[in-house]
**Q** 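To start, I am sharing the structure in question, which I have written as structure tokens.
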Amino acid sequence: MKSTICISEDRPICEPALRLLLLSLDLHNPEKIISLFYPVASDEFLQWVRRFSQVRVQTERLRIGFEWDVKPQAMMLLLEQGFDEVIWIDSDIIVTREISTVFSDLRSDCIAATEDALGDDRNDENALRTRLWGLPVGRVLPFSLNSGVVRITKHHYRLLERWWELLQTDDYRAVQKREWGQRPVHMKGDQDVLTALLCSSEFFDLPLFILQRGKHILQFNGVYGYTIAERTRNLFGDGPVFIHSFAGKPWLHQWELGSLREYIKNVYLDVSPYTLEARSFKTQIGANSGWVEPHYRLSRVLRLLGLGRRELSGLPVAALMDMVRVAKGKRSAMRTGRAAIATLASEDRDQS
């Protein structure tokens, strides 16, 4: 199949992450065509990116730019350009080895997405997102999907159309103006809409391959982002192909000392797998690469004790946060369940 990696970014402040992704892809996947949508690219960036012969920069904006909600539109455009397979990768991801180890054996009609990170909104019990969108249920997943990495082919064009349609609805656009914590679970972001569609009766028969958290991808979303179980698996087995830093942006972080809680979060970000992996590209990123170095004495000590390895650095903090997460999860599950039941009950009353 004629295949391409699709990347989109429209925030200059996230360019360090974009450069890291391109550098890691060039190191591990030098022959793979990369289609990059970056409408705000500076002349300096365009000069820098010329070193990568496989990168095709598209500086024109997509038809309608809705930040991260451009995914289905960008992938449809590439399918229309003649590609048979498109692999979307978020710009805040670093690739650690050849991505074909994940996708090469998939059937052409199989869509791939990733398991979501640990968190309060991870649960999709009884196809919650599908039902909240008012769609008939076709299958149930144990958790919501994450769209940080998505693989599609020409077989999925209709799915992309429906995904794009729902992302343009007035209700969804209005919800996106709210703070993250104030959005209903089925409209938090584009991945919740994708989860709803794939669990609906319209698309339940599409084969689905899920990249496992900890095995194929590290979903670093703060203090709960890299568990003891995941570290142990990576230490004694194969490491992940993707490292996703979607709830911690070290290249943007202010590193200010505040409360003890903030200090622990900062230290953990300082020894995160993403930050540690980024060190090997420090001299190639260009400007603004000092953030890869430790900011606190504790961070430096943890890196030394962990021998600089992502599985070992930060291990004490991970053990502490695992215990906190388990205790918090029990309380959160009860609250989430009650809220979902109340929402569905209200909709049932409105329909009756």
Side-chain angles (χ1 to χ4, degrees), residues 8-11 13-14 37 61-76 88 90-92 113-138 140-141 143-150 152 158-203 219 221-222 224 244 246-249 252 332-351:
S8 178
E9 185 54 79
D10 61 2
R11 301 163 294 180
I13 58 174
C14 289
F37 295 89
R61 290 187 178 273
L62 294 166
R63 292 188 293 271
I64 303 176
F66 286 148
E67 298 179 348
W68 51 82
D69 290 338
V70 302
K71 293 177 184 178
Q73 181 186 166
M75 289 189 283
M76 281 192 293
W88 170 279
D90 276 1
S91 62
D92 52 2
T114 76
E115 177 183 353
D116 202 8
L118 294 174
D120 295 342
D121 298 320
R122 166 185 167 86
N123 180 40
D124 197 50
E125 186 175 357
N126 295 323
L128 176 63
R129 288 163 175 77
T130 303
R131 290 182 292 124
L132 289 176
W133 270 101
L135 303 173
V137 175
V140 176
L141 299 176
F143 42 71
S144 60
L145 299 174
N146 183 282
S147 58
V149 178
V150 178
I152 58 92
R158 177 53 185 161
L159 171 66
L160 294 174
E161 285 184 321
R162 289 285 287 131
W163 191 9
W164 182 234
E165 288 169 7
L166 293 185
L167 292 177
Q168 293 183 89
T169 59
D170 292 340
D171 288 345
Y172 180 83
R173 298 314 317 159
V175 164
Q176 295 308 295
K177 297 177 182 179
R178 305 180 195 172
E179 295 294 329
W180 180 266
Q182 302 301 315
R183 301 175 190 175
V185 69
H186 63 304
M187 293 186 181
K188 289 279 187 181
D190 63 25
Q191 61 195 28
D192 301 291
V193 182
L194 178 61
T195 301
L197 286 169
L198 286 173
C199 290
S200 70
S201 60
E202 185 176 1
F203 299 107
Q219 299 281 24
N221 64 332
Y224 306 130
H244 190 189
F246 67 94
K249 312 295 185 187
L252 292 176
S332 177
M334 295 177 64
R335 291 195 299 269
T336 302
R338 287 196 296 265
I341 292 172
T343 300
L344 292 171
S346 175
E347 292 187 350
D348 287 341
R349 285 195 297 271
D350 292 342
Q351 294 175 3

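Numbers here are sequence positions counted from 1.
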**Q** Side chains of Glu9 and Asp92, heavy atoms from C-beta outward: is any pair under 4.5 Å?
**A**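 No - every pair of side-chain heavy atoms lies 4.5 Å or more apart.
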**Q** I need the minimum non-hydrogen distance between His186 and Asp192, along with the two atoms involved.
**A**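 Distance-wise, the nearest heavy atoms are O-CB, 3.7 Å.
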**Q** I'd like to check the salt bridge (charged side-chain N to carboxylate O under 4.0 Å, His left out) partners of Asp124; sequence neighbours left out, ordered by chain and number.
**A**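 With sequence neighbours excluded, Asp124 shows a salt bridge (charged side-chain N to carboxylate O under 4.0 Å, His left out) to Arg129, given in chain and number order.
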**Q** To the nearest 0.5 Å, what is the distance between CG (Asp171) and CG (Leu166)?
**A**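 Here the rounded value is 10.5 Å.
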**Q** Can you name the side chain to side chain contact (heavy atoms under 4.5 Å, CB included) partners of Gln191, sequence neighbours left out?
**A**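 By the side chain to side chain contact (heavy atoms under 4.5 Å, CB included) rule, Gln191 matches Asp116, Asn146, Ser147.
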**Q** With no hydrogens and no angle check, is any side-chain donor or acceptor of Gln219 less than 3.5 Å from a backbone partner on Glu115?
**A**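 Present.
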**Q** Are Lys188 and Ser144 close enough, and set up right, to give a side chain to side chain contact (heavy atoms under 4.5 Å, CB included), and what steps lead you there?
**A** CA-CA 11 Å; Lys188 289 279 187 181; Ser144 60; over 6 Å; no
**Q** List for me each residue that meets side chain to side chain contact (heavy atoms under 4.5 Å, CB included) alongside Val175, sequence neighbours excluded, and say none if there are none.
**A**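 For Val175, the residues satisfying side chain to side chain contact (heavy atoms under 4.5 Å, CB included) (neighbours in sequence not counted) are Arg178, Arg183, Pro184, Met187.
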**Q** Can you check whether Tyr172 reaches Val193 side chain to side chain, under 4.5 Å on heavy atoms?
**A**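 Heavy-atom side-chain distance check passes, below 4.5 Å.
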**Q** To the nearest 0.5 Å, what is the distance between CZ on Phe143 and CZ on Arg122?
**A**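 Phe143 atom CZ to Arg122 atom CZ measures 5.5 Å (nearest 0.5 Å).
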**Q** With sequence neighbours left out, what residues match Phe246 under ring pair (Phe, Tyr, Trp, His ring centres under 6.0 Å)?
**A**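 Counting only residues at least two positions away or on another chain, Phe246 forms a ring pair (Phe, Tyr, Trp, His ring centres under 6.0 Å) with His244.
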**Q** Who are the side chain to side chain contact (heavy atoms under 4.5 Å, CB included) partners of Glu125, not counting sequence neighbours?
**A**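 Testing Glu125 for side chain to side chain contact (heavy atoms under 4.5 Å, CB included), a comparison that skips the adjacent residues, returns Asn123.
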**Q** So, for Thr130 and Ala196, which heavy atoms are closest and what is the spacing to 0.1 Å?
**A**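 Scanning both residues completely, I find the closest heavy atoms to be OG1-O, 2.8 Å.
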**Q** Show the nearest heavy-atom pair for residues Val140 and Ala127, with the distance to one decimal.
**A**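 Result for this residue pair: CG1-N, 3.8 Å.
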**Q** Between OG1 of Thr195 and CG of Leu145, what distance do you get to the nearest 0.5 Å?
**A**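 The OG1 atom of Thr195 sits 4.0 Å away from the CG atom of Leu145.
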**Q** Arg162: which residues meet the salt bridge (charged side-chain N to carboxylate O under 4.0 Å, His left out) condition with it, sequence neighbours left out?
**A**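 Residues passing salt bridge (charged side-chain N to carboxylate O under 4.0 Å, His left out) with Arg162: Glu165, Glu202.
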**Q** Can you give me the closest heavy-atom contact between Ala74 and Trp88, atom names plus distance?
**A**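 Minimum heavy-atom separation between Ala74 and Trp88: CB-CZ3, 4.2 Å.
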**Q** Please give me the minimum heavy-atom distance between Leu159 and Leu197, naming the atom from each residue.
**A**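 The answer is CD1-CB, 4.0 Å.
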**Q** Let's go through Trp163 and Met75 carefully: what are the C-alpha distance in whole Å and the side-chain angles of both, what is the deciding distance for side chain to side chain contact (heavy atoms under 4.5 Å, CB included) to 0.1 Å, and is it a yes or a no?
**A** CA-CA 11 Å; Trp163 191 9; Met75 289 189 283; 3.8 Å; yes
**Q** Run the side chain to side chain contact (heavy atoms under 4.5 Å, CB included) test on Asp190 and Gln176 for me, step by step, so that the C-alpha distance in whole Å, both residues' side-chain angles and the decisive distance to 0.1 Å come before the verdict.
**A** CA-CA 10 Å; Asp190 63 25; Gln176 295 308 295; over 6 Å; no
